There are 2 protein chains.
Amino acid sequence: MQDETTPPKPYHHGSLKEALVAAGMEILDARGLEALSLRAIAAHVGVSHTAPKNHFGSLKGLLTAIAANGFHRHRTYMLADANSDDPKQRQRAAMQGYVRFAADHPHLFRLMFSPALCSFDDPALTNAARASYGVLQDIAAGLDWDKSGLPDGARRAEMMLWSMVHGFATLQVAGMTPPDGAMLDITDIMPNFGFLAQNGTQNPHG
Amino acid sequence: MQDETTPPKPYHHGSLKEALVAAGMEILDARGLEALSLRAIAAHVGVSHTAPKNHFGSLKGLLTAIAANGFHRHRTYMLADANSDDPKQRQRAAMQGYVRFAADHPHLFRLMFSPALCSFDDPALTNAARASYGVLQDIAAGLDWDKSGLPDGARRAEMMLWSMVHGFATLQVAGMTPPDGAMLDITDIMPNFGFLAQNGTQNPHG
DNA sequence: TCACAAATGTTTCCAATGGAAATATACTGC
DNA sequence: GCAGTATATTTCCATTGGAAACATTTGTGA
């Protein structure tokens with residue numbers, strides 16, 4: 001009963017690993033994190049729900065690979081305007097990229113910061129996450145917000161910057177905006193640290 | 001076969017609604033958000049897994065009630081030192097309370113900010129969340145960080161404060177601390193806004 | 001007091017999920 | 001060619017949330 005002109009579906013997929021990650025991304029963006037089941041991903045590729053086990057061990061392993069891929073994209077978003085001449089512009093772009101990524105891929109963003117879903121013991125994931133964090137580190141290094149005299153200024157600067165932008169993105173993804181709810185830009189809530197200050201069109205007083 | 005001295009378990013619980021919420025809290029703190037199933041909560045109280053439906057409609061309804069209760073506790077944490085004479089001390093205490101709540105009840109904290117798990121259409125939840133947010137609003141109102149000249153300064157001050165403290169708490173709950181990982185205090189990463197500056201023992205340079 | 005409705009719980013059943021185990025098929029090195 | 005490994009399927013199972021039918025208690029109005 002097999003049509004001879006169309007070759008039968010091969011038993012082996014050939015690049016199932018990559019296909020599963022790609023399928024997961026599509027499901028995430030199209031139907032959300034709650035729809036991202038092992039069976040749904042497998043069905044999207046056209047394999048049985050136990051096939052992924054050979055490549056990822058378990059659902060958590062697959063989600064971990066998806067999250068790692070997400071961190072690569074995340075970093076790309078932050079480096080969007082990395083070639084700009086103006087360092088302030090680069091800094092602004094990185095912050096906005098962090099938030100824009102979360103807005104464009106809210107479910108992927110949630111997955112990436114859910115240790116219950118993906119394993120941060122996996123080197124591929126931790127390396128990707130660290131690379132993404134590195135962009136923030138570079139920015140924080142150029143920051144002179146700290147007049148306290150406390151030690152560990154660099155680490156505290158990073159944590160301040162990360163907390164602010166991550167909190168902003170997280171709350172936005174969760175749909176939690178202040179009561180009256182108009183959309184804000186991350187650069188509009190940043191204090192003036194001697195960076196992000198001369199905000200061109202938006203801040204004529206800089 | 002029923003022992004006549006011990007009355008048989010009554011068919012009706014009497015205060016199942018409250019008991020289920022309390023059971024959920026205990027499971028959250030003891031076994032985590034992933035263990036918080038409808039059946040687990042019901043079993044903890046000693047009723048069938050369909051009994052909660054009469055009071056909460058569905059699992060999501062029950063989780064919503066638990067989250068609402070969580071926001072009340074959250075607010076209590078933030079108001080821990082609300083009677084202090086020093087306004088700076090009150091502000092510090094509120095920030096630290098926000099973070100301390102997340103550290104003490106990480107799974108409850110995650111639940112409270114998971115719109116996929118609990119319904120923010122429920123007035124009980126939104127009211128509790130708003131009350132908690134009100135504490136932050138009061139603090140932000142006393143903040144003079146904004147020299148930008150942009151409009152909506154109050155709302156942006158709130159969002160800045162909320163983003164920073166929520167991001168810090170969220171990252172901490174997710175186990176994401178900067179690479180070298182020593183624990184920081186939220187007040188040690190806050191910029192000097194003319195508040196939180198004179199940090200007594202920790203900041204002799206204030 | 002009694003009939004009857006409403007509220008509260010239970011039992012039973014069902015579909016969906018992730019995973020384990022056994023099996024089938026294809027590739028690879030010798 | 002042929003054994004051994006890698007890849008994928010089929011089958012089975014425990015767990016989960018929910019729907020439906022039924023049981024028990026409580027409340028209400030004549």
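Owing to the predicted nature of the structure, the values given are computational and were not obtained by experimental measurement. Lettering follows sequence order; numbering is per chain, from 1. When reading the values below, keep in mind they use all heavy atoms of this one structure, side chains included, and skip hydrogens, waters and symmetry mates.
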Checklist entry - Are B:H166 and B:F109 an aromatic pair by the rule of ring centers under 6.0 Å? => result yes

Item to check | Side-chain (B:R90) to main-chain (B:A80) donor-acceptor, under 3.5 angstrom | outcome: no

Checklist entry - Between atom CG in B:L59 and atom P in D:dT16, what is the gap in whole Å? => result 11 Å

Checklist entry - In whole angstrom, what separates A:R39's CZ from D:dA8's P? => result 18 Å

Checklist outcome for this item: Taken to the nearest 0.5 Å, the spacing of B:H74 NE2 from B:S132 OG works out to 4.5 Å

Next on the checklist: Are B:F71 and B:F113 an aromatic pair, judged by ring center distance below 6.0 Å?
Outcome noted: yes

Item to check | Nearest-Å distance for atom pair CD1/C1', residues B:I41 and D:dG17 | outcome: 12 Å

Checklist outcome for this item: Atom CG of B:L38 and atom C1' of C:dA16 are separated, to the nearest Å, by 16 Å

Checklist outcome for this item: Whole-Å distance, B:L62 CG to C:dT8 P, equals 15 Å

Checklist outcome for this item: Rounded to whole Å, the CD-P distance (A:E34 to D:dG17) equals 14 Å

Item to check | Donor-acceptor pair (no angle test) under 3.5 Å: A:T50 side chain, D:dT10 base | outcome: yes

Checklist entry - Are OP1 or OP2 of D:dA19 and a side-chain N or O of B:K53 less than 4.0 angstrom apart? => result yes

Next on the checklist: Could you tell me how far apart B:H49 (NE2) and C:dG9 (P) are, to the nearest whole angstrom?
Outcome noted: 15 Å

Item to check | Sugar-phosphate, base or nothing in reach of B:H55, heavy atoms under 4.0 Å | outcome: sugar-phosphate

Next on the checklist: Can you see if the side chain of A:S48 gets near the phosphate of D:dA8 - specifically, an N or O under 4.0 Å from OP1 or OP2?
Outcome noted: no

Checklist entry - What is the distance, rounded to the nearest whole Å, between atom CG of A:N54 and atom P of C:dG19? => result 13 Å

